[in-house]
Peer 1: 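My structure is below; once you've seen it, I'll send some questions.
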Amino acid sequence: MNYWLMKSEPAVFGIDALAAAPRQTTAWDGVRNYQVRNLLRDDFRRGDRAFFWHSSCAVPGIYGSLRVVRGGYPEPAEPRWYQVDVRLLRRFARPVTLSMLRQHADGSLRDLCVLRRGNRLSITPVTSGQWHRILELADHSTG
DNA sequence: GCCAACGTTGGC
DNA sequence: GCCAACGTTGGC
């Protein structure tokens with residue numbers, strides 16, 4: 001099983017919109033970057049998990065997690081681009097903010113893609129160690 | 001709104 | 001294939 005981090009602007013599609021969607025499931029589409037397209041096409045598998053990142057908003061960070069319920073398949077209208085289906089797994093009581101992640105950017109989080117300068121990919125891989133560390137921050141944070 | 005970073009485009 | 005111009009991302 002792979003772990004991922006998937007960014008979205010909450011003004012466009014945020015975790016609340018996913019929570020309100022039928023079966024809390026949606027197609028994650030609209031990716032227009034070839035590196036990310038290739039991840040969706042070649043590396044996403046049903047059962048993978050992903051963090052849901054809110055970007056371009058007041059408090060950027062991880063607001064919950066997703067499960068991949070369908071691996072990569074072509075967008076119906078533009079089949080050279082790929083999408084996956086995701087279902088809401090958890091909504092965190094409090095987000096794991098970018099600021100928190102920076103404060104804990106030692107150990108397993110040192111190489112977290114989203115902490116690297118100039119990172120612009122909307123989907124990045126997460127290691128198993130990073131995944132579990134971030135869940136600790138979500139569950140043990142007192143805000 | 002600013003701006004750094006970086007992907008894409010297109011002329012040559 | 002080079003590279004300057006341009007567009008987009010996304011934190012601040």
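Naming convention: chains lettered A, B, ... in sequence-line order (proteins, then strands); numbering from 1 in each chain.
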Peer 1: From CZ of A/R32 over to P of C/dT9, roughly how many Å is that when rounded to an integer?
Peer 2: 11 Å

Peer 1: Quantify the bending of the helix from B/dG1-C/dC12 to B/dC12-C/dG1 as the angle between its end axes, each fitted on five pairs, to 10°.
Peer 2: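 Comparing the first five pairs with the last five, the axes sit 10° apart.
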
Peer 1: Quick one: A/I123 CD1 to C/dT9 C1', roughly how many Å, whole number?
Peer 2: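 From A/I123 CD1 to C/dT9 C1': 15 Å.
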
Peer 1: Can you name the closest pair of heavy atoms from A/M6 and A/A50 and give their distance?
Peer 2: SD-CB, 3.5 Å

Peer 1: Any side-chain N or O of A/W53 under 4.0 Å from OP1/OP2 of C/dT9?
Peer 2: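 Checking C/dT9 against A/W53, no side-chain N or O comes under 4.0 Å of OP1 or OP2.
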
Peer 1: A/M100 has an atom CE; how far is it from atom C1' of C/dG11, in whole Å?
Peer 2: 18 Å

Peer 1: So what does A/R102 hit on the nucleic acid, given a heavy-atom distance under 4.0 Å: a base, only sugar-phosphate, or nothing?
Peer 2: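 Sugar-phosphate only.
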
Peer 1: Is it true that a side-chain atom of A/Q24 and a backbone atom of A/L18 form a donor plus acceptor pair closer than 3.5 Å?
Peer 2: no

Peer 1: If you compare every side-chain N and O of A/K7 against the phosphate oxygens of C/dG10 (OP1, OP2), does one of them come in below 4.0 Å?
Peer 2: yes

Peer 1: Report the C-alpha separation of A/R37 and A/E75 in whole Å, then their side-chain angles, then the decisive distance to 0.1 Å, and conclude whether the salt bridge (Lys or Arg N to Asp or Glu O under 4.0 Å) test is met.
Peer 2: CA-CA 11 Å; A/R37 188 278 305 266; A/E75 287 192 8; over 6 Å; no

Peer 1: Determine which pairs satisfy side chain to side chain donor-acceptor pair (under 3.5 Å) with at least one residue from residues 56-73 of chain A, sequence neighbours left out, and list them in order.
Peer 2: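 Counting only pairs at least two positions apart or across chains, the side chain to side chain donor-acceptor pair (under 3.5 Å) contacts touching residues 56-73 of chain A are A/Y73-A/Q83, A/Y73-A/D85.
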
Peer 1: Please classify the nucleic acid contact of A/E9 as base, sugar-phosphate, or nothing, using heavy-atom distances under 4.0 Å.
Peer 2: nothing

Peer 1: Counting N and O atoms only, with roles assigned by atom type, does the side chain of A/N33 sit under 3.5 Å from a partner on the main chain of A/S122, one being a donor and the other an acceptor?
Peer 2: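 No, A/N33 side chain to A/S122 backbone: no donor-acceptor pair under 3.5 Å.
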
Peer 1: Compute the centroid of each ring, for A/Y34 and then for A/W81, and state whether the two points are separated by less than 6.0 Å.
Peer 2: yes

Peer 1: Out of A/W131, A/Y3, A/W4, which one pairs with A/F51 under the ring-ring contact (aromatic ring centres under 6.0 Å, His included) rule?
Peer 2: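 When A/W131, A/Y3, A/W4 are each tested with A/F51, the ring-ring contact (aromatic ring centres under 6.0 Å, His included) holds only for A/W131.
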
Peer 1: For nucleotides 3-8 of chain C, print each protein N/O atom paired with a nucleotide N/O atom at under 3.5 Å, atom names and distance only.
Peer 2:
from  : atom 1 : to     : atom 2 : distance (Å)
C/dT8 : O2     : A/R120 : NH2    : 2.5

Peer 1: Using a 4.0 Å heavy-atom cut-off, does A/S55 contact any base of the nucleic acid, only the sugar-phosphate backbone, or nothing at all?
Peer 2: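 Answer is sugar-phosphate: A/S55 comes under 4.0 Å of backbone atoms only.
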
Peer 1: Per the side-chain contact (heavy atoms from CB on, under 4.5 Å) rule, which among A/L66, A/V69, A/V84, A/V86 passes with A/T26?
Peer 2: A/V86

Peer 1: Roughly how many Å is it from CG in A/L101 to P in C/dG10, rounded to a whole number?
Peer 2: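 Rounding to the nearest Å, CG of A/L101 and P of C/dG10 are 15 Å apart.
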
Peer 1: Can you tell me how far apart CG (A/L101) and CG (A/L5) are? Round to the nearest 0.5 Å.
Peer 2: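 Here the rounded value is 8.5 Å.
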
